[in-house]
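Note sheet for the following structure.
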Amino acid sequence: MTGKRPTIHTVAERAGVSKSLVSLVLRGSDQVRPEKRQAVLDAMRELGYRPNAAARSLSEQRTRTVGVLLNDLRNPWFVDLLDGLNSLLHENGLHMLLADGRLNRRVGHDLTRPFLDLQVDGLIAVGVLPDAAALDLAARRMPVVVAGSREPVLPGVDVVAGDDEEGARLATEHLVGLGHRRIAHISGYGVVGELRRRGFEATMRAHGHAEGAVVEVGDMTEEGGYRATVRLLSGARRPTAVFAVNDIASIGVLSAAEELGLRVPRDLSVVGYDNTSISQLRHVWLTTVDNAGHEVGRRAARCLLDRFADRDRPAGVQLSRPSLEIRGTTAPPPETPAP
């Protein structure tokens with residue numbers, strides 16, 4: 001062999017097939033017989049052939065890339081969502097390009113402009129993104145899906161998220177079932193924060209414990225959880241349990257309780273939200289709501305694929321059902337015998 005780079009023509013010659021059949025194999029077409037497909041794959045491997053992505057993009061008029069704009073790359077819940085998202089995109093020959101919305105906002109950059117410049121085939125916005133106008137503009141140019149959040153609501157944009165009210169109900173029901181009556185909720189922001197707070201308050205009312213329900217405003221960070229807990233535990237009637245808006249804030253709750261000399265769960269029960277890898281660390285072992293991140297990711301990818309096939313189909317909202325993971329941070333309050 002010469003030192004020339006193998007081409008689609010040399011692959012076709014080695015496999016004994018036509019150039020058009022090699023193209024079908026490269027596109028993942030199901031119209032190729034298994035033995036022919038295997039012959040092409042063997043020839044590609046023997047020749048060391050790698051498809052020219054740029055040429056392929058020009059011929060197909062698409063880049064086979066999907067932009068993924070994260071609200072904050074530091075949020076560990078996004079790991080599960082991205083795993084579910086990437087698994088289905090990869091199965092369909094698509095690649096993710098990630099951007100951190102928090103960093104872009106800090107330096108004053110347009111959140112969606114880099115993806116528009118790169119001509120990605122579609123965009124998935126993950127988490128709460130404050131710049132709805134930029135996302136709306138992107139949606140006029142390409143298919144867009146919002147994942148892991150309930151906002152913004154835009155024409156032609158699908159929304160895939162967890163059922164936040166149901167998740168908050170599960171967490172609150174668990175604490176009430178253990179005998180807690182004075183329960184505090186450290187709230188978050190945006191529609192997600194509002195829905196979780198609403199689920200908490202509605203459940204407390206349904207059980208006749210509205211007077212024991214306290215809401216302390218937080219910001220979904222560890223520091224915010226810490227400060228909110230210090231305020232809560234410094235009051236005259238401190239709660240016996242805290243339900244935090246997410247796992248990150250729950251770590252702040254645990255830190256504050258330890259500093260104030262309270263033992264979890266003997267003196268204070270703690271419930272988080274999202275079932276992140278942090279909650280599963282053995283020295284944390286946090287009771288938390290599993291927000292079905294992997295399923296949310298796969299559903300978001302499926303919505304994008306469906307919109308590739310039909311740009312004009314009506315937009316919808318899909319909610320994944322959460323579940324409760326009971327671990328080591330919840331127990332009956334000290335004055336209540338175990339049920």
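Just so you know, these numbers use all the heavy atoms, side chains as well, and skip hydrogens, waters and symmetry mates.
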Quiz item: So I248 and D274, side-chain contact (heavy atoms from CB on, under 4.5 Å) or not? Walk me through it.
Solution: CA-CA 9 Å; I248 300 175; D274 288 338; over 6 Å; no

Under a 3.5 Å distance rule, please check whether [X] uses its side chain to pair with a backbone N or O of [Y] as donor and acceptor.
X    : Y    : value
S269 : A331 : yes
D310 : D306 : no
T288 : Y273 : yes
T240 : H180 : no
R14  : A43  : no
R307 : M142 : no
D247 : T276 : yes
D121 : R64  : yes
H95  : L89  : no
D83  : V79  : no

Inter-residue atom distance [X].[atom1] - [Y].[atom2], 0.5 Å rounding:
X    : Y    : atom1 : atom2 : answer
L262 : D267 : CG    : CG    : 5.0 Å
N291 : W77  : CG    : CH2   : 5.0 Å
L97  : L118 : CG    : CG    : 6.5 Å
D100 : R74  : CG    : CZ    : 7.5 Å
L175 : R181 : CG    : CZ    : 10.5 Å

Quiz prompt | Which atom of K36 lies closest to which atom of V17, heavy atoms considered | solution =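 Nearest heavy atoms, K36 then V17: CD-CG1, 3.9 Å.
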
Self-check item: Heavy-atom closest pair, residues G328 and T287
Solution: N-OG1, 4.0 Å

Got a sec: does the [atom1] of [X] have more than 12 other heavy atoms crowding it under 6.0 Å?
X    : atom1 : value
Q280 : CD    : yes
R327 : CZ    : yes
E35  : CD    : yes
R311 : CZ    : yes

Quiz item: Quick one: does D158's side chain get under 4.5 Å of R313's, heavy atoms only?
Solution: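 Yes; the side chains approach each other to less than 4.5 Å.
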
Self-check item: Side-chain donor-acceptor contact under 3.5 Å, T330 with H174
Solution: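 Present: a donor and an acceptor within the cut-off.
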
Practice problem: Not counting sequence neighbours, which residues clear side chain to side chain donor-acceptor pair (under 3.5 Å) with T221? List them please. | Solution: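 Side chain to side chain donor-acceptor pair (under 3.5 Å) list for T221, sorted by chain: D219.
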
Exercise. Sort and list the pairs that fulfil ring pair (Phe, Tyr, Trp, His ring centres under 6.0 Å) and have at least one residue in residues 182-219, not counting sequence neighbours.
Key: H185-F200, H185-F243

Quiz prompt | salt_bridge(R169, E165) N-O dist < 4.0 Å | solution = no

Quiz prompt | Carboxylate-amine/guanidinium proximity below 4.0 Å for R321 and D163 | solution =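 Answer for the salt bridge query: no.
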
